[in-house]
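What follows is a short report on a single structure.
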Amino acid sequence: GQYGAQGKQWVGASLGAGREAYEILSATPLDVHFTNLGGSVFYQRWLTAHTAAMVRFDYEHKLTAYRRRGITLSYRVEF
């Protein structure tokens with residue numbers, strides 16, 4: 001969900017979960033199955049009437065494979 005006002009600031013978050021599966025075709029085929037959990041949170045603030053800055057934190061966990069964490073900083077200009 002998200003909460004905020006256009007031209008002022010926004011804050012939001014999302015959560016997700018699911019499964020993925022595929023088969024790698026090779027001399028010895030391999031079936032791959034992952035359970036995935038993840039989420040993100042962001043904050044965006046307008047600096048002027050046409051510019052905004054945003055920070056976003058992401059997290060993803062493939063339970064049997066890896067974890068990924070990320071931070072994104074961005075600057076936005078509207079024309």
**Q.** Residue pair Leu37 / Ala17: nearest heavy atoms and the distance that separates them
**A.** CD2-CB, 3.6 Å
(Q) Restricting to salt bridge (charged side-chain N to carboxylate O under 4.0 Å, His left out), what partner residues turn up for Arg76, sequence neighbours left out? (A) Glu78
Q. Between Tyr75 and Leu47, is any pair of side-chain heavy atoms under 4.5 Å apart?
A. yes
**Q.** Single-linkage hydrophobic cluster Leu73~Val11, side-chain heavy atoms < 4.5 angstrom
**A.** yes
(Q) Do His61 and Tyr66 have side chains that approach each other closer than 4.5 Å (heavy atoms only, starting at C-beta)? (A) no
Q.
Taking the side chain as everything from C-beta on, heavy atoms only, tell me whether Gln9 gets closer than 4.5 Å to Tyr43.
A. yes
Q | Distance (rounded to the nearest 0.5 Å) between His33 NE2 and Glu20 CD | A | 11.0 Å
Q. From Arg19 CZ over to Asn36 CG, what is the distance, rounded to the nearest 0.5 angstrom?
A. 12.0 Å
Q. Heavy atoms, side chains only, cut-off 4.5 Å: are Val32 and Ile24 in contact?
A. yes
Q: Quick one: do Val55 and Thr72 satisfy side-chain contact (heavy atoms from CB on, under 4.5 Å)? Show the steps, please.
A: CA-CA 6 Å; Val55 62; Thr72 304; over 6 Å; no
Q: Mind checking the CZ-CZ spacing from Phe57 to Phe42? Nearest 0.5 Å is all I need.
A: 12.5 Å
(Q) Working to the nearest 0.5 angstrom, can you tell me the gap between Arg45 CZ and Lys8 NZ? (A) 9.0 Å
(Q) Nearest 0.5 angstrom please: Phe34 CZ to Thr64 OG1, how far? (A) 5.5 Å
**Q.** Spatial distance of atom CD (Gln44) from atom CE (Met54) [nearest 0.5 Å]
**A.** 6.0 Å
Q. Do other residues, nucleotides or ligands put more than 12 heavy atoms under 6.0 Å from the CZ atom of Arg69?
A. yes
